Amino acid sequence: MTMRTIQTEQITEAIKELCIDANFNLSSDIYEAFDCYFKTEKSPTGRNIIEQLKENADIAKQKQMPICQDTGMAVVFVELGQEVHIMGGPLSEAIHEGVRQGYREGYLRKSVVKDPFFRENTNDNTPAIIHYDIVDGNNLKITVAPKGFGSENMSKIYMLAPSDGIEGAKKAILETIDKAGSNACPPMVVGVGIGGTFEKAAFLAKKALLRPINCSSTVEYVRELEKELLEKANNLGIGPQGLGGTTSVIGVNIETFPTHIAGLPVAINISCHVTRHSTVTL
Ligand code: SF4
């Protein structure tokens with residue numbers, strides 16, 4: 001495989017475009033889910049809200065403005081081919097600069113504070129949260145997933161015992177969805193990470209939110225689990241915007257990973273009806 005050189009300027013430009021695109025254009029899987037759940041929603045109020053969510057996404061797309069006022073903290077997933085040579089400066093700085101430019105030029109709300117206690121706004125939405133993965137090949141794949149905190153705050157991690165098993169995991173996931181309720185701006189998308197260590201499970205839960213909600217897991221028992229939890233979550237009665245109904249969750253995506261003999265980490269990353277992600281491959 002031939003080595004490729006990618007300039008940091010190209011990366012900054014790509015990140016800028018992704019920040020704007022993700023905030024203006026709702027992913028097609030979520031948009032299609034609105035149509036699908038509009039047909040099955042039992043509550044008239046719920047149907048009305050789904051229609052409004054769709055109209056809101058349409059206006060954002062037509063007028064090229066944010067789908068939601070909370071334009072999120074920029075979470076960036078990078079798959080860097082090991083045959084890629086980055087030229088022009090540090091990769092992380094190029095990514096932060098892209099976020100800075102994207103949030104400025106897209107007039108996106110700057111929602112990041114410098115210190116978790118003293119809370120001075122950084123005024124450019126940096127730093128981004130960056131996850132790197134070194135992969136085979138000579139491409140650079142970048143996904144920007146702006147994350148709103150109404151739903152992020154409702155996320156949980158459980159360090160279960162192996163004996164809690166699948167039933168324990170189901171209980172933890174449904175409990176978290178139920179507690180999230182209207183605070184997570186439902187209908188929600190739920191990313192779940194099971195296995196690994198404490199931080200790996202949380203990472204997997206976040207990564208699970210990148211998978212389109214119309215793509216089930218490739219592992220048979222996980223696929224069944226996703227289906228069962230989606231059905232059970234929609235029986236909780238939370239409904240669109242928490243006003244009651246049968247559309248509380250439009251997607252449950254689960255990722256699993258090997259873990260330690262003594263543990264069963266289960267992380268649940270709650271996301272909202274504005275679950276955003278845009279990807280480019282350079
Ligand atoms: S949770 Fe989602 S829909 Fe609610 S305010 Fe935040 S980004 Fe917007």
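None of these values were measured; they are calculated from a predicted model. Both ligands and their constituent atoms are indexed starting at 1 by order of listing. Just so it is clear, the values below take in all heavy atoms, side chains as well, and ignore hydrogens, waters and symmetry mates.
Side-chain atoms of Asn253 and Glu226 form no donor-acceptor pair, as typed in the model, at a separation below 3.5 Å.
Both the sub-6.0 Å distance and the 45° axial angle are not jointly satisfied by Lys54 relative to the ring of Phe38.
Residue Glu255 forms a salt bridge (Lys or Arg N to Asp or Glu O under 4.0 Å) with just one option from Lys206, Lys200, Arg211, and that option is Arg211. Screening Thr143, Thr275, Val75 against Leu210 for a side chain to side chain contact (heavy atoms under 4.5 Å, CB included) leaves a single residue, Thr143.
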I'd like to know whether Asn48 forms a side chain to side chain donor-acceptor pair (under 3.5 Å) with Gln52, so could you lay out the CA-CA distance, the side-chain angles of the two residues, the decisive distance to 0.1 Å, and finally the verdict. CA-CA 6 Å; Asn48 187 282; Gln52 288 183 36; 2.8 Å; yes
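Here is the list of ligand 1 atoms found below 4.0 Å of a heavy atom in His273: 3 (S). Near Gln69, with a cut-off below 4.0 Å to any heavy atom, the atoms of ligand 1 are 5 (S). Of all the atoms in ligand 1, the ones that sit under 4.0 Å from a non-hydrogen atom of Gly148 are 6 (Fe), 7 (S).
At a heavy-atom cutoff of 4.0 Å, ligand 1 is contacted by the side chain of Val274 but not by its backbone.
The protein heavy-atom contact nearest to atom 2 (Fe) of ligand 1 is Cys272 SG, 2.3 Å. Considering only non-hydrogen protein atoms, atom 6 (Fe) of ligand 1 sits nearest to Asp70 OD2, 3.3 Å. In this structure, the protein non-hydrogen atom closest to atom 7 (S) of ligand 1 is Arg276 NH2, 3.3 Å. In this structure, atom 1 (S) of ligand 1 lies nearest to the protein heavy atom Ser151 N, 3.4 Å. The protein heavy atom nearest to atom 4 (Fe) of ligand 1 is Cys185 SG, 2.3 Å.
Arg100 and Glu93 are joined by a salt bridge, as a carboxylate oxygen and a charged side-chain nitrogen come within less than 4.0 angstrom of each other. Salt-bridge formation is not detected for the pair Asp124/Arg104: no Lys NZ or Arg NE/NH1/NH2 atom is positioned less than 4.0 Å from an Asp or Glu carboxylate oxygen.
Within the 3.5 Å criterion, the main-chain N or O of Thr71 finds a donor-acceptor partner in the side chain of Tyr103.
The closest heavy-atom contact to atom 5 (S) of ligand 1, among the options Pro66, Gly150, Cys68, comes from Cys68.
The shortest separation from a heavy atom of Glu152 to ligand 1 is not under 4.0 Å, leaving the residue out of contact.
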